[in-house]
J.: 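Sharing a structure here in structure tokens format.
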Amino acid sequence: MIEAVSPEIDGGRFPAKAVAGWPETISADIFGDGHEVIAAAIVKDDGSEIPMLKGVNDRWSAEVTFDEVGPAQVTIVAWRDLWGTWARDTRKKLEAGQDVSVEMEEARLILADLKPRRGEASDLNALNAAAKAGDADTLLSAETLATMARHGPRANVTRYEDLPFWIDRERAAFSAWYELFPRSTGPEGQHGTFRDVIDRLDYVRDLGFDVLYFPPIHPIGTTNRKGKNNSLKSEPDDVGSPYAIGSPEGGMDAVHPDLGTLEDFDALVAAAADKGLEIALDIALNASPDHPWIGEHPDWFERRPDGTIKYAENPPKKYEDIVNFRYYLDDGRPNAPFWEAIRDLFLFWAGHGVLCFRVDNPHTKPFPFWEWIIAEVRVKYPEAIFLSEAFTRPKVMKRLAKLGFNQSYTYYTWRDTAQELTEYLTELTTKDCRHYMRPNFFTNTPDINPVALQYSGRAGFRTRLLMAASLAGNYGMYSGFELCESAPLPGKEEYLDSEKYQLRHRDWDAEGNIKDDIRLINRIRRENPAMKDFLNLKFFDAGDERVLYYGRFDEATRNYLLFHVLIDPHTGTEFDFEVPLWEFDLPDAASIRVEDAIHGNQFMWHGKDHWLALDPVNRPYAIWKLFPPGGVA
């Protein structure tokens with residue numbers, strides 16, 4: 001019996017996600033009737049086997065490492081181990097002082113049936129000689145057992161179905177995103193250009209980010225153009241929403257002429273790569289009423305019974321500057337030419353060096369559409385990364401992750417208390433979704449000015465940053481967060497004077513900025529292997545509901561970090577906490593070396609019981625690096 005296999009997504013309908021070079025644990029319940037010894041292994045694409053180890057209650061597991069980005073599959077095989085059963089029973093009889101001459105004959109017969117592989121004939125001859133001589137010590141030696149485990153006879157071999165995996169490059173699982181509007185990077189009062197963005201690259205890199213993400217950079221329509229603060233009436237100098245894509249200057253494969261040319265964009269991508277930055281583009285399948293496709297492909301758009309094009313709606317909201325694409329024909333067939341055009345759109349930008357795509361509202365488009373698009377793009381660009389911007393129902397978000405999106409926006413923005421954060425992260429790191437849904441904890445977006453930040457002050461920005469960057473492998477922020485921008489439209493989770501509808505020029509060195517906090521946490525992320533795989537997250541009890549206490553522990557590199565974060569942005573606290581010495585099999589009275597990861601000083605913690613004070617202004621969080629006995633990375 002091979003059952004309860006993990007990871008297996010919907011019976012193998014979807015691949016589990018893994019990262020090239022990272023170990024992936026595969027496990028299953030494996031058992032059979034009777035008392036024979038059972039053995040099992042993972043079989044990789046190349047036919048190589050990785051032995052599985054038996055744990056508690058017939059649960060077997062093994063770690064597999066995939067080397068290349070792209071599709072992969074493995075399977076599990078299990079069998080009755082004839083030699084292992086013989087060795088176990090023979091040893092018991094010897095220990096009981098019984099005669100094992102018959103068992104020696106059984107060993108000879110088992111060995112006689114084996115066909116030696118190249119270079120193994122002498123080894124088998126030696127084992128046959130030992131069997132004839134009744135040399136139980138040789139036949140039961142660890143060396144012989146290891147040899148026979150690899151090459152011995154297998155009975156009742158059972159093979160499970162193939163388990164599909166999608167193997168990503170590391171940046172799909174570990175990345176720090178910074179979002180800015182290129183049009184706001186120019187001098188005061190002027191529309192920015194791609195060349196202006198090049199001048200901002202050092203700033204982004206200095207903060208420690210590795211992905212620079214732009215909202216749509218395409219021509220913007222003028223029909224029903226939105227004005228400042230989403231006003232239905234625009235003024236002549238209003239730049240419009242970049243999500244109303246398309247004008248006589250072009251559509252989604254063109255750049256806004258005020259930003260520059262495609263050659264300028266290529267220069268920006270190259271300059272970013274030289275500084276270790278990747279450019280991410282927002283793929284928003286929105287068309288303004290001025291999009292060239294409306295005239296060129298009228299059957300690509302949804303229409304009302306009177307033949308007019310439908311505007312986008314999310315009642316009671318209306319988006320008068322956007323019209324809807326048509327994904328299916330009246331007979332239910334996919335609108336294939338349109339699907340192919342969107343695929344080619346992704347391929348076009350990938351050809352210009354963009355391999356990170358943030359997809360706008362994918363949950364409002366058909367699931368089969370995205371599954372096909374992503375699979376098609378991956379044929380040529382398996383290293384492409386798709387980030388799903390879907391703030392919607394949990395099952396919908398998870399389905400998008402299953403069908404191919406490498407990263408997913410999450411509910412982090414609305415999880416404010418220690419209990420809410422603990423419950424949510426426990427779900428993301430321990431439930432089945434951990435095998436296919438990789439969260440990206442954005443602190444804010446141009447669309448979302450979180451209520452919690454509107455009233456939290458600088459301390460709230462510092463702690464929300466710290467938690468986003470340390471609880472998840474992927475995180476991001478929208479520019480202005482480092483300046484603690486929080487002025488809302490009254491009664492809404494939206495920014496006053498939103499950059500979606502106007503240019504914004506900022507003083508990046510304004511008093512009260514939190515750039516030092518950003519540099520700190522991004523440096524800690526880079527320098528500590530434990531920060532990569534967010535599944536290693538552990539929560540501990542601080543004894544105070546205003547404090548989130550957690551750790552990131554990597555056993556392979558013996559790299560261990562602890563975090564204390566003050567959730568309350570207004571009031572300080574003093575609390576007792578326990579150093580988790582038990583995680584290192586240390587007694588409660590043991591001592592452990594620790595480094596204050598913020599300031600760099602090292603000292604000893606003696607025993608597990610300690611005390612800490614946090615306050616919103618001077619110390620809203622603490623980060624500790626632990627050095628248990630036995631060596632560290």
Side-chain angles (χ1 to χ4, degrees), residues 179 213-221 223-224 226 240-247 249-256 280-303 309-314 317-329 333-350 352 354 356-378 384-392 396-397 399-401 403-409 445-447 500:
E179 177 179 4
Y213 151 51
F214 304 147
I217 57 174
H218 317 298
I220 299 171
T223 300
N224 298 332
K226 295 295 185 71
S241 167
Y243 290 90
I245 298 170
S247 77
E249 287 87 2
M252 299 168 192
D253 58 354
V255 297
H256 196 295
L281 287 186
D282 195 331
I283 301 298
L285 300 187
N286 303 325
S288 87
D290 307 315
H291 198 291
W293 282 353
I294 293 178
E296 297 169 0
H297 306 285
D299 56 336
W300 288 7
F301 295 87
E302 295 284 357
R303 296 181 182 272
I309 293 180
K310 281 186 177 181
Y311 290 105
E313 292 186 63
N314 182 16
K317 290 183 178 181
K318 293 184 178 181
Y319 304 92
E320 295 87 352
D321 56 343
I322 297 171
V323 297
N324 286 333
F325 285 116
R326 187 186 189 195
Y327 292 86
Y328 286 96
L329 303 176
R333 290 181 296 121
N335 193 353
F338 170 69
W339 288 32
E340 291 165 356
I342 300 305
R343 173 203 59 196
D344 294 344
L345 178 70
F346 281 97
L347 295 175
F348 173 83
W349 289 111
H352 283 271
V354 177
C356 293
F357 300 101
R358 181 268 202 185
V359 178
D360 186 65
N361 286 326
H363 59 292
T364 62
K365 289 79 179 174
F367 292 145
F369 169 78
W370 288 123
E371 188 170 6
W372 183 82
I373 289 283
I374 293 173
E376 286 282 295
V377 172
R378 282 175 169 171
I385 295 172
F386 295 82
L387 168 58
S388 166
E389 188 262 353
F391 297 109
T392 184
V396 175
M397 295 169 69
R399 182 73 176 193
L400 290 165
L403 60 81
F405 281 91
N406 311 73
Q407 298 181 10
S408 305
Y409 278 63
T445 77
D447 299 296
K500 289 195 299 179

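Keep in mind that what you see is a predicted model, and the values were worked out from it rather than measured. Numbers here are sequence positions counted from 1.
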J.: Check ring pair (Phe, Tyr, Trp, His ring centres under 6.0 Å) between F348 and all other residues, then give those that pass, not counting sequence neighbours.
T.: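 Ring pair (Phe, Tyr, Trp, His ring centres under 6.0 Å) check on F348 returns H352.
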J.: Is the shortest heavy-atom distance from the side chain of M397 to the side chain of S408 under 4.5 Å?
T.: no
J.: Return the set of residues passing side chain to side chain donor-acceptor pair (under 3.5 Å) with T445 (not counting sequence neighbours), or none when no residue passes.
T.: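 Result, side chain to side chain donor-acceptor pair (under 3.5 Å) vs T445: none returned.
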J.: So, using side chain to side chain donor-acceptor pair (under 3.5 Å) as the criterion, who are the partners of E320 when residues are at least two apart?
T.: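 Partners of E320 under the side chain to side chain donor-acceptor pair (under 3.5 Å) test: none.
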J.: Mind checking side chain to side chain donor-acceptor pair (under 3.5 Å) for R326 and listing every partner two or more places apart, or none if nothing turns up?
T.: D330
J.: Indicate yes or no: at least one non-hydrogen side-chain atom of I220 is less than 4.5 angstrom from one of I245.
T.: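 With C-beta onward as the side chain, the pair stays apart.
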J.: Just to verify, what does F405 make a ring pair (Phe, Tyr, Trp, His ring centres under 6.0 Å) with, not counting sequence neighbours?
T.: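 Result, ring pair (Phe, Tyr, Trp, His ring centres under 6.0 Å) vs F405: W370.
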J.: Taking the six-membered ring for Trp, is the centroid-to-centroid distance between Y311 and Y319 below 6.0 Å?
T.: no
J.: Within this structure, what is the CZ-CD distance for the pair R343 and E376, rounded to the nearest 0.5 Å?
T.: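 Reported value, rounded in 0.5 Å steps: 5.0 Å.
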J.: Residues two or more places apart in sequence or in another chain: which of them pass ring pair (Phe, Tyr, Trp, His ring centres under 6.0 Å) with F301?
T.: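 Expected list: F325.
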J.: How far apart are the C-alpha atoms of F214 and D282, what are their side-chain angles, what is the distance that settles it, and do they pass the side-chain contact (heavy atoms from CB on, under 4.5 Å) test?
T.: CA-CA 6 Å; F214 304 147; D282 195 331; over 6 Å; no
J.: Can a donor-acceptor pair be found, under 3.5 Å and without considering hydrogens, that links the side chain of H297 to the backbone of D299?
T.: no
J.: I'd like a table of donor-acceptor pairs (distance under 3.5 Å, sequence neighbours excluded) in which one partner is a side-chain atom from residues 283-290, with atom names and distances.
T.:
from : atom 1 : to   : atom 2 : distance (Å)
N286 : ND2    : Y243 : O      : 3.4
S288 : OG     : G246 : O      : 2.6
S288 : OG     : D290 : N      : 2.9
D290 : OD1    : T223 : OG1    : 2.6
D290 : OD2    : T222 : N      : 2.7
D290 : OD2    : T223 : N      : 2.9
D290 : OD2    : T223 : OG1    : 3.3

J.: I'd like to check the salt bridge (Lys or Arg N to Asp or Glu O under 4.0 Å) partners of R378; sequence neighbours left out, ordered by chain and number.
T.: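 Checked R378 against salt bridge (Lys or Arg N to Asp or Glu O under 4.0 Å); zero matches.
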J.: Testing the basics here: between A254 and G250, what is the closest heavy-atom pair and its distance to 0.1 Å?
T.: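 What the structure gives for the nearest pair is CB-CA, 4.0 Å.
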J.: Please report the closest heavy-atom contact between P298 and R303, naming both atoms and the distance.
T.: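 For P298 and R303, the tightest heavy-atom pair comes out as O-NH2, 3.3 Å.
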J.: Taking only residues two or more places apart in sequence or in another chain, which ones pass salt bridge (Lys or Arg N to Asp or Glu O under 4.0 Å) with D253?
T.: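 In terms of salt bridge (Lys or Arg N to Asp or Glu O under 4.0 Å), with neighbours along the sequence ignored, D253 is linked to no residue.
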J.: Would you please test I385 and Q407 for side-chain contact (heavy atoms from CB on, under 4.5 Å) and show each step?
T.: CA-CA 8 Å; I385 295 172; Q407 298 181 10; 4.0 Å; yes
J.: State which residues pass side-chain contact (heavy atoms from CB on, under 4.5 Å) with A280; sequence neighbours excluded, sorted by chain then number.
T.: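 A280 satisfies side-chain contact (heavy atoms from CB on, under 4.5 Å) with W177, V211, Y213, C356 once adjacent residues are dropped.
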J.: Just do the side-chain contact (heavy atoms from CB on, under 4.5 Å) check on I374 and F346 with the steps written out, would you?
T.: CA-CA 9 Å; I374 293 173; F346 281 97; over 6 Å; no
J.: Below 4.5 Å, heavy atoms only, C-beta onward: do N335 and Y328 meet side chain to side chain?
T.: no
J.: Ignoring hydrogens, what is the shortest heavy-atom contact between W300 and A341? Give both atom names and the distance.
T.: CH2-CB, 3.5 Å
J.: For N324, enumerate each residue passing the side chain to side chain donor-acceptor pair (under 3.5 Å) test, keeping only those at least two apart in sequence or located in another chain.
T.: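 If we apply the side chain to side chain donor-acceptor pair (under 3.5 Å) test to N324, skipping adjacent residues, there are no hits.
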J.: Between W339 and Y327 (side chain of the first, backbone of the second, donor and acceptor by atom type, cut-off under 3.5 Å), is there such a pair?
T.: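 Yes; at least one donor-acceptor contact below 3.5 Å.
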J.: Determine the sole option in V359, D360, N406, L400 for which the side chain to side chain contact (heavy atoms under 4.5 Å, CB included) test with S388 is passed.
T.: L400
J.: As an exercise, state the distance from CG of L345 to CD1 of I373, rounded to the nearest 0.5 Å.
T.: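 It comes to 8.5 Å.
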J.: Between H218 and H256, is there a donor-acceptor pair closer than 3.5 Å when you use the side chain of the first and the backbone of the second?
T.: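 The answer is no, because no donor-acceptor pair under 3.5 Å joins these two groups.
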J.: List, one per line, each side-chain donor-acceptor pair under 3.5 Å for residues 361-369, sequence neighbours excluded.
T.:
from : atom 1 : to   : atom 2 : distance (Å)
T364 : OG1    : N361 : O      : 2.8
K365 : NZ     : N361 : O      : 3.2

J.: Might you work through the side-chain contact (heavy atoms from CB on, under 4.5 Å) test for M252 and H291, ending with a clear yes or no?
T.: CA-CA 9 Å; M252 299 168 192; H291 198 291; 4.2 Å; yes
